[in-house]
There are 2 protein chains.
Amino acid sequence: MSSNFGGSPARERLPANYLTILAAIRDIAPGTHLTAQDVFARARRQRPKLGFATVHRGLARLSELGYVIKVDVPGAACAVYEQTAEPHAHFRCSSCGSIRDIAFSLPPELLVGLARQHDLQIEVESTTFTGRCASCR
Amino acid sequence: MSSNFGGSPARERLPANYLTILAAIRDIAPGTHLTAQDVFARARRQRPKLGFATVHRGLARLSELGYVIKVDVPGAACAVYEQTAEPHAHFRCSSCGSIRDIAFSLPPELLVGLARQHDLQIEVESTTFTGRCASCR
DNA sequence: ATGAAAATGAGATTCATTCTCACTTTCAAC
DNA sequence: GTTGAAAGTGAGAATGAATCTCATTTTCAT
């Protein structure tokens with residue numbers, strides 16, 4: 001899911017492992033996208049006994065709570081995770097597979113209109129562009 | 001990929017199997033979304049010996065050529081396919097998993113602007129909304 | 001200290017998708 | 001019509017991300 005406009009993360013006690021997982025994502029440059037494997041490798045440096053399933057569980061929970069964002073990009077082999085940031089879209093290069101953020105978001109009033117028009121409750125909006133990046137052209 | 005604004009399908013000789021696969025998708029109500037399994041089941045009624053790998057190959061090719069659209073919806077277990085239609089977005093209900101079309105598309109000039117601004121070549125744009133549908137509320 | 005609930009790690013499992021490969025079909029050139 | 005190279009095919013194996021299971025460990029209010 002790309003943008004979460006449900007508000008700020010709920011304050012809730014998190015298991016130590018989840019904090020380690022969260023740190024693994026927060027301790028990188030904004031705009032970086034990590035796969036679950038990446039997060040696993042990074043978090044394991046802090047907690048060598050950490051299991052992969054726990055990373056997935058933790059990422060799912062952290063994503064639910066709004067601490068991180070799970071990004072499902074069409075065409076990509078697996079999901080990537082990023083730290084919470086301003087709403088934005090994603091671009092995926094079909095040639096090299098790289099993913100980068102694009103400052104962009106749909107106007108909230110548009111979402112409200114669509115939701116009303118179709119009788120839906122829209123919680124998450126995700127926009128993805130695919131094409132070729134500068135270096136692959 | 002949700003919208004393809006690269007033009008109309010190229011005229012090219014397609015293997016008979018691919019035509020069967022295409023027919024399986026075209027012979028349903030617009031707005032219906034079929035998984036590869038669904039397409040397989042339907043196409044197999046016409047060609048019982050058809051293999052599953054061939055369906056995947058065919059869908060990939062047909063999608064490349066613009067005859068069908070592959071829809072990768074965040075959160076869904078697998079991709080779905082639909083017939084080519086007016087550009088539109090997708091809504092996925094997080095509760096029942098149903099997917100429906102939403103008449104919506106980004107203004108082309110916006111895409112051109114983003115492409116120029118970020119030095120990208122944008123070929124496909126995909127917008128997905130997630131939330132709860134009317135019957136799940 | 002204690003016990004119920006939550007969290008954990010390891011490995012098995014699931015399942016969509018892709019790969020492999022021997023075989024078959026297609027079709028243009030002769 | 002024959003031929004041969006290229007393309008397509010089906011079956012099953014392989015891949016790999018994500019989820020599930022379960023016995024064990026940790027947490028924490030009491």
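The chains referred to below are lettered A, B, ... by the order of the sequence lines, with proteins before strands, and numbering in each begins at 1. Only heavy atoms go into these numbers, but all of them, side chains included; no hydrogens, no water, no symmetry mates.
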Notebook entry, point to check: Taking only side-chain nitrogens and oxygens of Asn17(B), does any of them come within less than 4.0 Å of OP1 or OP2 of dT9(D)?
Noted result: yes

Identify each atom pair where a protein N or O and an N or O of nucleotides 28-30 of chain D are less than 3.5 Å apart, giving names and distance.
unit_1  : atom_1 : unit_2   : atom_2 : d
dC28(D) : OP1    : Arg13(A) : NE     : 3.1
dC28(D) : OP1    : Arg13(A) : NH2    : 3.2

Next item on the list: Report yes if a side-chain nitrogen or oxygen of Thr54(B) is closer than 4.0 Å to either non-bridging phosphate oxygen (OP1 or OP2) of dG10(D); otherwise report no.
Entry: yes

Check: Gln37(A) has an atom CD; how far is it from atom P of dT15(D), in whole Å?
Finding: 15 Å

Check: Roughly how many Å is it from CZ in Phe40(A) to P in dG11(C), rounded to a whole number?
Finding: 11 Å

Identify the pairs formed between an N or O of the protein and an N or O of nucleotides 18-23 of chain D at a distance under 3.5 Å, and give each distance.
unit_1  : atom_1 : unit_2   : atom_2 : d
dA18(D) : OP1    : Ala79(A) : N      : 3.2

Check: Roughly, in whole Å, what's the span from CG in Leu14(A) to P in dT8(C)?
Finding: 10 Å

Margin query: Could you tell me how far apart Tyr18(B) (OH) and dT26(C) (P) are, to the nearest whole angstrom?
Written below: 14 Å

Notebook entry, point to check: Can you tell me how far the NE2 atom of His33(A) sits from the CD atom of Gln83(A), to the nearest 0.5 Å?
Noted result: 10.0 Å

Next item on the list: Grab the two heavy atoms, one from Ala43(B) and one from Thr20(B), that are nearest each other, plus how far apart they are.
Entry: O-CG2, 3.8 Å

Next item on the list: Let me know the distance between CG of Leu19(A) and C1' of dA7(C), rounded to the nearest Å.
Entry: 13 Å

Checklist line | Reported CG-to-NZ distance for the pair Asn17(A) and Lys49(A), which is rounded to 0.5 angstrom | finding: 11.0 Å

Notebook entry, point to check: What are the two closest non-hydrogen atoms of Lys70(A) and Ala79(A), and how far apart are they?
Noted result: CE-CB, 3.6 Å

Next item on the list: In whole angstrom, give the distance that lies between atom CD1 of Ile21(A) and atom C1' of dT8(C).
Entry: 11 Å

Item checked: Contacts of Thr35(B) that satisfy side-chain hydrogen bond (donor to acceptor under 3.5 Å, both in side chains) - sequence neighbours left out -> Asp38(B)

Quiz: residues 112-119 of chain A side-chain donor-acceptor pairs under 3.5 angstrom, not counting sequence neighbours:
unit_1    : atom_1 : unit_2    : atom_2 : d
His118(A) : ND1    : Arg100(B) : NH2    : 3.1
Asp119(A) : OD1    : Arg137(B) : NH2    : 3.4

Notebook entry, point to check: Where the side chain of Pro15(B) is concerned, which of dT9(D), dA7(C), dG10(D) is the nearest nucleotide?
Noted result: dT9(D)

Note to self: Could you work out, with side-chain contact (heavy atoms from CB on, under 4.5 Å) as the rule, every residue matching Pro107(B), not counting sequence neighbours?
What the structure shows: Glu109(B), Leu110(B)

Next item on the list: For Arg44(A), answer base if it contacts any base atom (sugar-phosphate contacts may also be present), sugar-phosphate if it contacts only those atoms, and nothing otherwise; contact means non-hydrogen atoms under 4.0 Å.
Entry: sugar-phosphate

Next item on the list: Send over the distance from Lys49(A) NZ to dT25(D) C1', rounded to a whole Å.
Entry: 10 Å

Notebook entry, point to check: In a check of side chain to side chain contact (heavy atoms under 4.5 Å, CB included) between Val39(A) and each of Leu22(A), Leu34(A), Leu50(A), which one passes?
Noted result: Leu34(A)

Item checked: Arg57(B): side-chain hydrogen bond (donor to acceptor under 3.5 Å, both in side chains) partners, not counting sequence neighbours -> Thr54(B)

